[in-house]
Amino acid sequence: MRNPVSLKELVLFIKKRALLLISLTLLFGGAAYLITTYFMTPMYQTSTQLLINEEKSDQPYVNVSEIQANLQLINTYNVIIKSPVILEQVVEAMNSEVTVAELNEKITVQNVQDSQVVNLIVTDVDPVRAARIANQTAQVFQNDISELMNVDNVNILSPAIVTGNEKPVSPDLYLNTAAGSLTGFVIGFIITLLLEYFNNTVKDEQHLSEILSIPILGTVDTMNNKKYPDKIISGNVSNIDTRRKGYGS
């Protein structure tokens, strides 16, 4: 059994199959670029910020239980924003451009860390519609929360706006192209290893010794014209011919 491939041999394998590796890397990278550019739908994202005011308290100081209660209140609001009670009204206001289920998938609610601000994020293929959904949902939530929770502590801090210069958040052209190129390189590397693994050609004397399980007693160097000039070779040939003639006579 042959010894494990050394790092030097691995580098030689890669240099030997460099054309294959480069070709597959460019092929897969180019394919990923074309698919991302022409076949994947760009998605846009916009957000509306909501400010959740603290509930009024008679305590002159803020205690831990009050902070915990505010956090729980914000989490409750996050659930209510995506509830059918709110979303059905948004769908109705938008003339059924989307369903409640589709709307639920488009909306993401996130708390801004260490604050009472909530981001209502909407992702859609149309940036204008994404802004409409975000603002409509925030407006319906603000109107209904007083009836649902008997409080009036929600304000729209920053509505979603459309500037006309929106850039898609997905797909990421550079990331996909890089991922495709990396995939091509890995596939080429695996093919290179398989080709070398199944290549039974004797590569050197060490390889031959491993195959036959016999030690190397000597080697015959390669003769070429550069190493042995024509004059010497021709002179030797002449001498050999002369000897042959002498033996023949």
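Bear in mind the structure is a predicted one, so any value in this text is a computation, not a measurement.
Counting heavy atoms from C-beta outward, V109 and I121 have side chains that stay 4.5 Å or more apart. Residues T99 and V91 are not in side-chain contact: their nearest non-hydrogen atoms beyond the backbone lie 4.5 Å or more apart. The closest side-chain heavy-atom distance from I187 to F189 is not below 4.5 Å. Taking the side chain as every heavy atom from C-beta outward, L12 and K16 never approach each other to under 4.5 Å. Side-chain contact between T123 and K106 is absent, with no heavy-atom pair separated by less than 4.5 Å. Counting only heavy atoms from C-beta outward, the side chains of I190 and V186 approach each other to under 4.5 Å.
Summarising the geometry, atom CD belonging to Q136 is positioned 7.5 Å from atom CE belonging to M94; distances are rounded to the nearest 0.5 Å. Considering OG1 of T48 and CD of Q142, their distance stands at 11.0 Å, rounded to 0.5 Å. For the atom pair CG (L103) and NZ (K82), the distance works out to 9.0 Å, reported to the nearest 0.5 Å. Distance check: D124 CG to R129 CZ gives 4.0 Å after rounding to the nearest 0.5 Å. Once rounded to the nearest 0.5 Å, the distance linking OG of S83 with CG of N78 reads 11.5 Å. Atoms CG and CD, from L51 and Q116 in turn, are 6.5 Å apart once rounded to the nearest 0.5 Å.
The heavy-atom pair separating T183 from F28 by the smallest distance is CG2-CD2, 4.2 Å. Taking both residues in full, the closest heavy atoms of Y44 and P127 are given as CD1-CD, 3.6 Å, listed atom of the first, atom of the second, then distance. The two residues A131 and V162 have their closest heavy-atom pair at CB-CG2, 3.6 Å. Considering all non-hydrogen atoms of both residues, A138 and L50 come closest at CB-CD2, 3.7 Å. Between A160 and A134, the closest heavy-atom pair is CB-CB, 4.1 Å. The minimum heavy-atom distance between E166 and I161, with the atom names listed, is OE2-O, 4.0 Å.
Between the side chains of N111 and N119, not a single donor N or O lies within less than 3.5 Å of an accepting N or O.
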Could you walk me through whether Q89 and N143 pass the side-chain hydrogen bond (donor to acceptor under 3.5 Å, both in side chains) test, one step at a time?
-> CA-CA 11 Å; Q89 296 183 60; N143 295 337; over 6 Å; no
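Clustering ILVMFWY residues whenever any of their side-chain heavy atoms sit less than 4.5 angstrom apart, transitively, puts V98 in the very cluster that holds I107. By the rule that hydrophobic residues join a cluster once side-chain heavy atoms approach within less than 4.5 Å of another member, V154 and I80 end up as members of one cluster. By the criterion of side-chain heavy atoms lying less than 4.5 angstrom apart, applied directly or through intervening Ile, Leu, Val, Met, Phe, Trp or Tyr residues, I81 is grouped together with I156 in one hydrophobic cluster. Residues L157 and V118 are members of separate hydrophobic clusters, defined by side-chain heavy-atom contacts under 4.5 angstrom among Ile, Leu, Val, Met, Phe, Trp and Tyr. When hydrophobic clusters are built by joining Ile, Leu, Val, Met, Phe, Trp and Tyr residues whose side-chain heavy atoms come closer than 4.5 Å, directly or via intermediates, V140 is grouped together with L148.
Legend: ring-ring contact (aromatic ring centres under 6.0 Å, His included) pairs involving residues 104-159, not counting sequence neighbours, sorted by first then second residue: Y77-F141. Sorted by first then second residue, the side-chain hydrogen bond (donor to acceptor under 3.5 Å, both in side chains) pairs that include residues 18-38, not counting sequence neighbours, are T36-N176.
The closest donor-acceptor contact from the side chain of Q49 to the backbone of S158 lies at 3.5 Å or more, if one exists at all. Counting only distance, with no hydrogens or angles, the side chain of S170 and the backbone of D172 share no donor-acceptor pair below 3.5 Å.
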